Participant: 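My questions will all concern the structure given below.
Please read all numbers here as calculations on a predicted model, not as lab measurements. Both counts, for ligands and for their atoms, begin at 1 and track the order of listing.
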Amino acid sequence: MNYDNILKEIYTEVSPLFDKGEIAQYIPALSTVPRNKFGMAVCTLDGETYTIGDAYEQFSIQSISKVYSLTLVFKLIGERLWKRVGKEPSGNPFNSLVQLEYEKGIPRNPLINAGSLVLTDILLSEFQEPKKEILNLVRKTSGNNAINYDNAVIASEKITGHRNFALAHFMQSFKNILNPVDDVLDVYFHHCGIAMNCVDLARSFLFLANHGIIPDSGEYVISKSEAKRINALMLTCGLYDESGDFAFRAGLPGKSGVGGGIVAVLPEKLCVSVWGPSLGPAGNSLAGIAALEHFTTLTGMSVF
Ligand code: GLN
């Protein structure tokens, strides 16, 4: 497979989309990112890396971090997790409050904000230093010890994160948030505020393509069955109310963030990540979705 040529072709195809859509405005620190940034990285299980564009430039991973917290919580409490969060697509925006009232404070899935807040609450209950544990997982799975929190983005989101505070307080009224809301939000904004580049991101998801084992080090992260479940959740819920469309177009489990990143997993083969800051109406990278659709079309590879 000539990944270099494929990435070049994708870049040409998606570049007209850089002018379309909107950069996330509700987190002021994200609103100044230039809209013509675009990077893409393919990392294979046999250790090859292919890149194009701004693949080594850091960006805010935002909701992609929900997969790391899910991995940690799944490892810690296993199936007990499903008492506090569901596993169905929400069909609603990532920060929606509506379902929570009639579903009694149990979020639809762990990859929307409400679900991730519950998982963050569990991390706070289980770990002395949850922020350190999350960073350790990201560093270990990517093999890059320099990855860190971006404090400017975190501080910026803290000031404008009213909906997330509302979600957490609401769930606390149903006793599905057990720690103080300020503490939960502090850890949540931290994991959303991790800065990574496309190569780090694709590499750090390889354990999900490799049945729970980090290919470089051989280290066990989660079981084969847990890796299967996380991939299934990414396929059905990873792009919020655009998950069906993304599965239809790209045919891969993936996770997006409002920083414009998307990472996708092709089990037993590779991970591919893309960054394009301009977002469509559901808060997912316009160029990113198109690039992943082209990737599976041009390579002929997907989970289907
Ligand atoms: N930190 C963002 C929020 O909570 C993450 C949302 C996203 O990336 N979709 O609103």
Side-chain angles (χ1 to χ4, degrees), residues 21-31 33 58-70 85 89-98 100 107-121 123 130-131 134 138 149-171 177 181-196 198 201 205 233-234 236-243 245-246 254-264 273-289:
E22 298 291 336
I23 312 284
Q25 301 290 327
Y26 76 103
I27 303 174
L30 297 183
S31 66
V33 178
Q58 288 196 325
F59 58 91
S60 191
I61 67 166
Q62 293 298 317
S63 279
I64 296 173
S65 67
K66 291 172 176 149
V67 178
Y68 301 122
S69 29
L70 173 58
V85 62
S90 68
N92 273 307
F94 63 85
N95 55 6
S96 170
L97 284 138
V98 292
L100 273 182
R108 273 290 172 102
N109 68 68
L111 299 180
I112 51 173
N113 288 17
S116 187
L117 287 164
V118 170
L119 266 65
T120 306
D121 184 58
L123 289 177
K131 290 186 228 173
I134 296 166
V138 175
Y149 292 116
D150 181 336
N151 290 318
V153 172
I154 294 161
S156 171
E157 184 167 11
K158 232 174 222 180
I159 296 168
T160 56
H162 310 300
R163 267 188 173 257
N164 286 319
F165 281 98
L167 284 165
H169 278 292
F170 198 48
M171 290 189 289
I177 291 283
V181 165
D182 283 352
D183 297 351
V184 175
L185 268 295
D186 180 56
V187 177
Y188 174 81
F189 292 144
H190 268 80
H191 66 67
C192 290
I194 295 172
M196 291 172 81
C198 288
L201 205 50
F205 270 59
L233 283 166
M234 286 201 290
T236 53
C237 314
L239 276 82
Y240 325 110
D241 46 339
E242 205 172 6
S243 300
D245 196 55
F246 179 70
K255 184 72 202 87
S256 62
V258 288
I262 307 178
V263 56
S273 64
V274 58
W275 172 49
S278 197
L279 312 175
N284 298 314
S285 170
L286 275 179
I289 293 182

Participant: Once you measure the plane-to-plane angle for Phe205 and Tyr68, does it fall in the parallel (<30°), tilted (30-60°) or perpendicular (>60°) bin?
Facilitator: perpendicular
Participant: Would you say the side chains of Tyr188 and Asn113 form a donor-acceptor pair under 3.5 Å?
Facilitator: yes
Participant: For Ile23, does its backbone N or O pair with a side-chain atom of Gln25 as donor and acceptor, under 3.5 Å?
Facilitator: yes
Participant: Between the protein and ligand 1, are there any N or O atom pairs that come within less than 3.5 Å of each other, and if so, what are their names and distances?
Facilitator:
unit_1: ligand 1; atom_1: 1 (N); unit_2: Gln62; atom_2: OE1; d: 2.5
unit_1: ligand 1; atom_1: 1 (N); unit_2: Glu157; atom_2: OE1; d: 3.0
unit_1: ligand 1; atom_1: 1 (N); unit_2: Glu157; atom_2: OE2; d: 2.6
unit_1: ligand 1; atom_1: 4 (O); unit_2: Asn113; atom_2: ND2; d: 3.0
unit_1: ligand 1; atom_1: 4 (O); unit_2: Glu157; atom_2: OE2; d: 3.1
unit_1: ligand 1; atom_1: 4 (O); unit_2: Asn164; atom_2: ND2; d: 2.8
unit_1: ligand 1; atom_1: 4 (O); unit_2: Tyr188; atom_2: OH; d: 2.6
unit_1: ligand 1; atom_1: 8 (O); unit_2: Ser63; atom_2: N; d: 3.0
unit_1: ligand 1; atom_1: 8 (O); unit_2: Ser63; atom_2: OG; d: 2.8
unit_1: ligand 1; atom_1: 8 (O); unit_2: Val258; atom_2: N; d: 2.8
unit_1: ligand 1; atom_1: 9 (N); unit_2: Ser63; atom_2: OG; d: 3.0
unit_1: ligand 1; atom_1: 9 (N); unit_2: Tyr240; atom_2: OH; d: 2.7
unit_1: ligand 1; atom_1: 10 (O); unit_2: Tyr26; atom_2: OH; d: 2.5
unit_1: ligand 1; atom_1: 10 (O); unit_2: Asn113; atom_2: ND2; d: 3.2

Participant: Do other residues, nucleotides or ligands put more than 12 heavy atoms under 6.0 Å from the CD atom of Glu22?
Facilitator: no
Participant: Looking only at the aromatic ring of each residue, does the gap between the centers of Phe170 and Phe165 stay below 6.0 angstrom?
Facilitator: no
Participant: Is a side-chain N or O of Ser60 found less than 3.5 angstrom from the main chain of Ala195, in a donor-acceptor match?
Facilitator: no
